[in-house]
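Inspection log for the structure reproduced underneath, given as structure tokens.
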Amino acid sequence: RLVGSEMCIRDRLQSVPDVATLLVYVDGEEIPMADPEDIPDGETDPTCDCWQYDASENSVRFYGSAVPDYGDDVDIFYKPLEGQPRTLPF
């Protein structure tokens, strides 16, 4: 389920990911992960067209023009952490 705001939108994940394996696509286009230099000093949100993993909510947060529009296909691929099984919908 996607939850939106003016600056970002969140997509909760089904299981805890190995963050290094996360790949995020919107309408088939790969979206880059936020780089630490994209986050201004004293801030928590990046200033890029990117995504960031939010461990506190186990979600991917989108920023800037990377925020999906209503009806866009969002695909998030990752390897779950060991001991964190993933339930597939099929």
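Keep in mind that what you see is a predicted model, and the values were worked out from it rather than measured.
Here salt bridge (charged side-chain N to carboxylate O under 4.0 Å, His left out) pairs that include residues 46-60, with residues two or more places apart or in two chains, are R10-E57, R12-E57, D54-R61.
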Could you go through residues 25-39 and list every donor-acceptor pair under 3.5 Å that involves a side-chain atom there, pairing it with any protein atom two or more places apart or in another chain?
{"unit_1": "D27", "atom_1": "OD1", "unit_2": "D73", "atom_2": "N", "d": "2.8"}
{"unit_1": "D35", "atom_1": "OD1", "unit_2": "E37", "atom_2": "N", "d": "3.1"}
{"unit_1": "D38", "atom_1": "OD2", "unit_2": "D35", "atom_2": "N", "d": "2.9"}

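Here the side chain of S15 pairs no donor or acceptor atom with the backbone of P80 at under 3.5 angstrom. Counting only distance, with no hydrogens or angles, the side chain of N58 and the backbone of L13 share a donor-acceptor pair below 3.5 Å. The backbone N or O of D69 sits less than 3.5 Å from a side-chain atom of D72, completing a donor-acceptor pair.
Between F77 atom CZ and L23 atom CG the span is 8.0 Å, to the nearest 0.5 Å.
Here the shortest heavy-atom pairing between F62 and V74 reads CZ-CG1, 3.8 Å.
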Please lay out, stage by stage, how L22 and Y53 fare under the test side chain to side chain contact (heavy atoms under 4.5 Å, CB included).
CA-CA 9 Å; L22 275 163; Y53 177 66; 4.1 Å; yes

